[in-house]
There are 2 protein chains.
Amino acid sequence: MKKLTIRDIAELAGVGKSTVSRVLNNDPKVKTETQTKIREIIKEVGYKPSAVARAMNNQPIKSIGIVVTRLSSSAENQALSEIIDFFHQHEYEVLVLESRYDSELLNTHIELMVQKQVEGIIFFGFTDQGLVNKELFNGNIVMIAVEQPGISSVTTNSPLAVKHCFEYLKTHGARNIAFLGVHESDIQTGKLRLDAYKEACATHKTKPIIYLTDMEYADGVKGCKALLKAGADAVICGTERLTGGALVHLLREGKSDLPVAAVGINDYIRILNPGIFAADLQYAKVGKEAAVLLFQKMKGNNKNTDTVVEPLMTELAEL
Amino acid sequence: MKKLTIRDIAELAGVGKSTVSRVLNNDPKVKTETQTKIREIIKEVGYKPSAVARAMNNQPIKSIGIVVTRLSSSAENQALSEIIDFFHQHEYEVLVLESRYDSELLNTHIELMVQKQVEGIIFFGFTDQGLVNKELFNGNIVMIAVEQPGISSVTTNSPLAVKHCFEYLKTHGARNIAFLGVHESDIQTGKLRLDAYKEACATHKTKPIIYLTDMEYADGVKGCKALLKAGADAVICGTERLTGGALVHLLREGKSDLPVAAVGINDYIRILNPGIFAADLQYAKVGKEAAVLLFQKMKGNNKNTDTVVEPLMTELAEL
DNA sequence: CTGAAAGCGCTTACAG
DNA sequence: CTGAAAGCGCTTACAG
């Protein structure tokens with residue numbers, strides 16, 4: 001059974017190809033009877049127009065690209081899931097690639113997307129990504145996590161999350177509130193959050209107790225230990241993994257009553273400490289916003305927007 | 001600056017379009033000098049042939065589809081990462097969709113892929129997915145986790161993982177080895193592993209102690225508690241999340257010395273119990289195998305293979 | 001309201 | 001070794 005073309009449908013319907021094409025494109029000028037007849041035939045024989053042939057006439061293949069840094073990041077795959085879902089519903093193809101925090105790889109990916117002629121891209125930014133050419137994709141670009149002049153972005157408000165964490169602990173009687181975070185060399189995950197902590201300390205005239213480290217659970221364990229030694233009676237954890245590590249340490253030492261507040265939340269953290277005060281950075285919402293933003297741009301709204309998704313504060317109930 | 005076409009290159013080079021096309025397609029019949037000249041011009045002006053126009057002439061757009069059940073599953077995103085990487089290296093587009101354990105959604109996705117004319121698909125199977133039409137995509141289909149006659153598959157050997165867990169605990173002196181698993185209604189994650197446990201019990205003439213539950217961390221906590229009450233002096237955890245829950249429970253109760261063996265391993269589990277005996281189901285390898293398998297099929301190797309990836313046993317060192 | 005014709009950017013059999 | 005021509009399956013301006 002060979003592939004059906006518009007010509008076959010035209011013959012079956014006894015009309016010209018142009019008319020079939022018009023029906024396919026919902027041209028209202030076609031007589032209603034003709035329309036219904038053609039539609040019936042199309043349905044009957046299961047004809048699907050070739051996206052490729054349409055693309056030849058500047059009806060671009062509806063597709064977008066998205067570059068995450070790591071698929072294994074739960075924050076990113078939450079966002080990714082929303083983005084895929086959104087564009088899938090709008091009948092877009094979604095191409096997914098991983099940059100692995102490598103700016104060269106990111107650029108290769110972007111180049112590839114240009115070649116594939118996707119209509120727009122969304123990508124997760126990171127500290128050393130370099131500047132992105134904002135002319136690409138007719139400016140249909142949305143960055144997540146990082147801002148760049150001239151490009152729309154969606155970011156989380158992690159500094160506010162830190163601030164809330166601080167204040168929560170403060171109002172619950174903590175005196176030496178420590179910060180367990182990522183090295184300052186990482187702007188988004190490190191510096192921004194650290195600065196917010198320092199500012200909170202200044203506001204409350206408190207002496208900072210700081211431990212900066214890498215991203216792994218084990219770093220959280222070590223960091224928490226060090227902070228306790230330094231006299232902390234409450235800890236703000238700057239990332240999900242650090243929170244995980246810290247909570248495990250506390251559990252192991254039988255110190256689970258030590259107040260902890262966390263930037264970012266997931267099931268893992270929840271089960272380790274059901275009563276934790278946490279700021280949900282809302283990555284699902286971030287993804288949704290980014291998708292909507294890109295979609296609007298592609299529809300012609302060409303002003304740039306920097307959206308900030310506010311954290312959701314959750315003082316979780318005891319199980 | 002308008003889009004360059006093959007005609008522009010032909011004019012610049014002073015040759016016919018056909019010749020340029022031949023160079024593009026590495027036709028050896030073109031004189032070497034002509035080739036180099038054309039290639040230089042192409043490079044110079046940065047001409048990229050239109051994939052769409054090529055597709056019109058049955059040079060299919062190189063693309064494959066992949067359907068995961070949940071992007072948030074670390075097992076799946078490990079495999080996904082490998083698959084994307086592999087096909088990206090072979091210059092394929094990769095379309096990613098989520099089925100969410102919904103067989104209707106899976107079928108919609110598959111239909112979409114058919115329409116998009118991807119050359120093949122890989123998807124993660126699940127218990128109620130229903131039969132997949134093996135004629136689709138010229139038979140270029142690879143299923144992960146589930147087997148179906150006539151379709152190539154890649155599965156993990158989780159029963160063997162359970163067996164090893166049992167034997168490990170046994171040889172380390174445990175007498176009442178319990179099993180914490182998922183309900184039998186889930187074939188892959190539930191029944192298969194449970195059966196392996198029962199068989200091990202029979203072999204070792206041991207009375208089974210079983211607790212079956214859902215997939216969440218909290219279920220692992222509850223289950224572990226129940227099993228201890230039932231007299232277990234060692235526990236085999238059937239999934240990563242259940243392991244996580246169980247270990248948290250033990251940590252909380254100060255019973256971290258209770259021997260636990262786990263089917264599946266990740267950083268989270270590692271940090272909770274660095275010395276745990278675990279069977280790594282090797283999902284990265286699963287993804288790689290699936291990718292290679294699909295690629296071979298697309299290259300014309302049309303016999304079906306059911307690959308089983310063996311678990312990797314890890315008795316982890318103390319931190 | 002509808003059809004014939006030209007065109008989108010390539011490939012390739014054919015003729016030279 | 002190379003070019004002119006036909007064709008891939010659509011869209012759309014043009015003429016009716």
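All values below were derived from every heavy atom in this structure, side-chain atoms included, with hydrogens, water molecules and symmetry-related copies excluded. By convention in this document, chain letters (A, B, ...) are assigned in the order of the sequence lines, proteins followed by strands, and residues within each chain are numbered from 1. From a predicted model like this one, the values you see are computed outputs, not experimental measurements.
Sorted pairs that involve residues 43-84 of chain A and meet ring-ring contact (aromatic ring centres under 6.0 Å, His included), not counting sequence neighbours, are lacking altogether. Sorted by first and then second residue, the pairs that involve residues 116-157 of chain A and meet ring-ring contact (aromatic ring centres under 6.0 Å, His included), not counting sequence neighbours, are A:Tyr101-A:Phe126.
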Below 3.5 Å, can you tabulate the donor-acceptor pairs from side chains in residues 292-299 of chain B to any protein atom, sequence neighbours excluded?
residue  : atom : partner  : partner atom : Å
B:Lys297 : NZ   : B:Gly139 : O            : 3.1
B:Lys297 : NZ   : B:Asn304 : OD1          : 2.6

Validation: residues 83-94 of chain A side-chain donor-acceptor distances under 3.5 Å, sequence neighbours left out:
residue : atom : partner  : partner atom : Å
A:Asp85 : OD2  : A:Gln89  : NE2          : 3.3
A:Tyr92 : OH   : A:Glu119 : OE1          : 3.4

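With sequence neighbours left out, the salt bridge (Lys or Arg N to Asp or Glu O under 4.0 Å) criterion links B:Lys29 to B:Asp27. B:Ala53 pairs by the side chain to side chain contact (heavy atoms under 4.5 Å, CB included) definition with A:Met56, B:Ser50, not counting sequence neighbours. Residues satisfying the side chain to side chain contact (heavy atoms under 4.5 Å, CB included) criterion with B:Asn138, sequence neighbours excluded, are B:Asn140. In this view, B:Lys48 and A:Gln115 satisfy the side chain to side chain contact (heavy atoms under 4.5 Å, CB included) rule, not counting sequence neighbours.
Residues from residues 14-24 of chain A that place a heavy atom under 4.0 Å from any atom of DNA chain C, listed by number: A:Val15, A:Gly16, A:Ser18, A:Thr19, A:Arg22. Taking every heavy atom of residues 29-50 of chain B and every atom of DNA chain C, pairs under 4.0 Å involve B:Tyr47, B:Pro49, B:Ser50, by number.
With a cut-off of 3.5 Å on both pairing distances, the Watson-Crick and G-U wobble pairs of DNA chain D assemble into stems of 3 or more at C:1-3 with D:14-16, C:5-12 with D:5-12, C:14-16 with D:1-3.
Within the model, atoms OG1 of B:Thr305 and CD of B:Glu289 stand 10.0 Å from one another, a figure rounded to the nearest 0.5 Å.
Think of the region where chain A sits on DNA chain D: with heavy atoms and a 4.0 Å cut, that region ends 5' and 3' at D:dG9 to D:dC14.
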